[in-house]
Asker: 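Just dropping this structure here.
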There are 2 protein chains.
Amino acid sequence: MRLRDENKETLIREQAIALIVQEGFDGLSMQKLAKAANLSASTIYIYFKSREDLLNQVYIAVDEIFAKEVLKNFDPAMSFEEGLWQQWKNRYKYVQKYPLHYHFSEQFRNSPLIKHQDIKESPFRVAMQQFTKNAIQRKEIVDLPPEILWALAYGPFYILIKFHLDQSSMSGKPFSLSEQKMKQAFGLVIKALKA
Amino acid sequence: MRLRDENKETLIREQAIALIVQEGFDGLSMQKLAKAANLSASTIYIYFKSREDLLNQVYIAVDEIFAKEVLKNFDPAMSFEEGLWQQWKNRYKYVQKYPLHYHFSEQFRNSPLIKHQDIKESPFRVAMQQFTKNAIQRKEIVDLPPEILWALAYGPFYILIKFHLDQSSMSGKPFSLSEQKMKQAFGLVIKALKA
DNA sequence: AAGATAAACGAATGTTCGTTCTTTTAAAAA
DNA sequence: TTTTTAAAAGAACGAACATTCGTTTATCTT
């Protein structure tokens, strides 16, 4: 018998991402996707049971890669300043390495397709909770409700990313954000959060 | 002859927003929209020349209301702290008053439908530039590149909004974010930006 | 090499899509 | 009141949609 092709599943997912980023969710049809992946449309249904299932699986796969990338060289035991900076760097590298994933993710999260009922206790979430708990216990930063801490720690970063991403898509030039600029913003965040 | 009905145009726009927020861009079909607005599909084409045109016009109308709401009780001559707080309050009220507009806006901006080539010199933009220029000249805040200032000033706010919006959509309870929490986050932002 | 099995395909399904056309209707101008 | 004009409706268009079905093909097992 013939075996399921793992690469083909990934190929379908990646082409779906590319199509969605280019044309939006209404631009993703099974027939266009099939053509882009050099497949028959019906073949997609061997790997995904419906369009909706495909979209969910794409999001799950994208999110897994994100979680993996963002935990690189990170340890919840790190000092707050060192750990948060590592997070910023990792997230920046993620956007550079997987720009389409990032765009897809933003689109998906802001759409009604996302179901945020089951916020599972991912290893990623656990690590981040431990990290912030440590920082507060050590009195490195002020004691804050988690969502305010989170808002301060990452809000400026993501606005900065969005700004430079829009700039690059307008000018056609590749995305870049100087380390100096990131450090400058980071310094202000630390200033705000320091105990 | 019969006159174009201004209210009908608004009705179509509002129903389009509601449909998109509920079902996403692929959920917006002209026939569904017609049914929702109690119209014939062909009537929509009297007011909008195509689906694409409709979407653009919706975005423009939404953005106009946003700009109007956000400038209420605001003056570029205000002190930085007072002015920025007014901005936060106005934006918070906007989300409360027009939650569907906010969701639509977020979806549209993160989709490929948006064309950010023509960032026109809106009165809104002019006011904001003057406001930050004043604050730096008066040495109320540190001198920063505009996008970093912007990222610090609004990044935390929007993450906070998103968090509480997600919470409310999960629990079914109406959206709310206590003034105390907003003030707490705001205080940290001021701490970061103060000269 | 033969048989078994599931992947892969192309064609076809009925539905819904955006849009246009023709006709009817309502209200402003005469 | 009559005429004029454009709004509004409804039916219709081919195209594209998600999905299914029957057949073919490739590869694993024997």
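Atoms considered below: every heavy atom in the structure, side chains included; atoms not considered: hydrogens, waters and symmetry mates. Residue numbering restarts at 1 for every chain, and letters A, B, ... go by the order of the sequence lines.
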Asker: Would you mind classifying the nucleic acid contact of A/Leu28 as base, sugar-phosphate or nothing, using non-hydrogen atoms under 4.0 angstrom?
Answerer: sugar-phosphate
Asker: Apply ring-ring contact (aromatic ring centres under 6.0 Å, His included) to residues A/Phe163 and B/Trp150 and explain how you reach the verdict.
Answerer: CA-CA 10 Å; A/Phe163 178 86; B/Trp150 196 264; 9.3 Å; no
Asker: Whole angstrom is fine here: how far is it from OH in B/Tyr45 over to P in C/dT22?
Answerer: 18 Å
Asker: Does the distance from a Lys or Arg side-chain N to an Asp or Glu carboxylate O, for B/Lys8 and B/Glu14, drop under 4.0 Å?
Answerer: no
Asker: May I have the step-by-step check of ring-ring contact (aromatic ring centres under 6.0 Å, His included) for B/Phe80 and B/Phe131, ending in yes or no?
Answerer: CA-CA 8 Å; B/Phe80 184 75; B/Phe131 173 62; 5.6 Å; yes
Asker: Closest approach to the side chain of A/Met30, judged atom by atom: which nucleotide of D/dA18, D/dC17, C/dG18 is it?
Answerer: D/dA18
Asker: How many Å lie between CG on A/Asn7 and P on C/dA7, as a whole number?
Answerer: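 Rounding to the nearest Å, CG of A/Asn7 and P of C/dA7 are 15 Å apart.
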Asker: Taking the six-membered ring for Trp, is the centroid-to-centroid distance between A/Phe25 and B/Phe25 below 6.0 Å?
Answerer: no
Asker: Whole Å only: how far is the CD1 atom of A/Ile12 from the C1' atom of D/dA18?
Answerer: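 The answer, rounded to whole Å, is 15 Å.
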Asker: Give B/Lys32 one of three labels, base, sugar-phosphate or nothing, depending on what nucleic acid heavy atoms sit under 4.0 Å from its own.
Answerer: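 Sugar-phosphate, backbone atoms only, no base.
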Asker: Fit a plane to each ring of A/Tyr59 and A/Phe108, take the angle between them on a 0 to 90° scale, and name the class: parallel (under 30°), tilted (30 to 60°) or perpendicular (over 60°).
Answerer: parallel
Asker: Using both pair distances under 3.5 Å as the test, note the stems of at least 3 consecutive Watson-Crick or G-U pairs that include DNA chain D.
Answerer: C:3-28 with D:3-28
Asker: Base, sugar-phosphate, or nothing for A/Leu33, non-hydrogen atoms under 4.0 angstrom?
Answerer: nothing
Asker: How far apart are the closest heavy atoms of A/Leu160 and A/Lys181, and which atoms are they?
Answerer: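 Looking at all heavy atoms of both residues, the closest pair is CD2-O, 4.4 Å.
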Asker: What's the CG-P distance between B/Asp26 and D/dA16, to the nearest Å?
Answerer: 18 Å
Asker: Using a cutoff of under 3.5 Å, can you pull out all pairs of nitrogen or oxygen atoms linking the protein to nucleotides 9-12 of chain C, with atom names and distances?
Answerer:
residue, atom, partner, partner atom, Å
C/dC9, OP2, A/Ser40, N, 3.1
C/dC9, OP2, A/Thr43, OG1, 2.7
C/dG10, N7, A/Ser40, OG, 3.1
C/dG10, O6, A/Ser42, OG, 2.6

Asker: Nearest whole angstrom, please: distance from the P of C/dA28 to the CG of B/Asp5.
Answerer: 11 Å
Asker: Give the rounded distance in Å between these two atoms: NZ of A/Lys35 and P of D/dC17.
Answerer: 10 Å
Asker: How many whole angstroms separate atom CZ of A/Phe48 from atom C1' of D/dT20?
Answerer: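 Those two atoms, CZ and C1', are 18 Å apart.
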Asker: When the side chains of residues 67-77 of chain A are checked against the rest of the protein, which donor-acceptor pairs come out under 3.5 Å, sequence neighbours left out?
Answerer:
residue, atom, partner, partner atom, Å
A/Glu69, OE1, A/Lys72, NZ, 3.3
A/Glu69, OE2, A/Lys72, NZ, 3.4
A/Glu69, OE2, A/Lys97, NZ, 3.3
A/Asp75, OD1, A/Ala77, N, 2.8

Asker: Please determine whether residues A/Tyr92 and A/Phe66 belong to a single hydrophobic cluster, defined as Ile, Leu, Val, Met, Phe, Trp and Tyr linked transitively by side-chain heavy-atom distances below 4.5 Å.
Answerer: yes
Asker: From C-beta outward on B/Arg51, which listed nucleotide comes closest to its side chain: C/dA8, C/dT19, C/dC17?
Answerer: C/dT19
Asker: Within the 4.0 Å heavy-atom criterion, would you say B/Tyr47 contacts the bases, only the backbone, or no part of the nucleic acid?
Answerer: sugar-phosphate
Asker: Taking the ring centre of each residue, are A/Tyr102 and A/Tyr94 less than 6.0 Å apart?
Answerer: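 Ring-ring flag for A/Tyr102/A/Tyr94: false, centres at least 6.0 Å apart.
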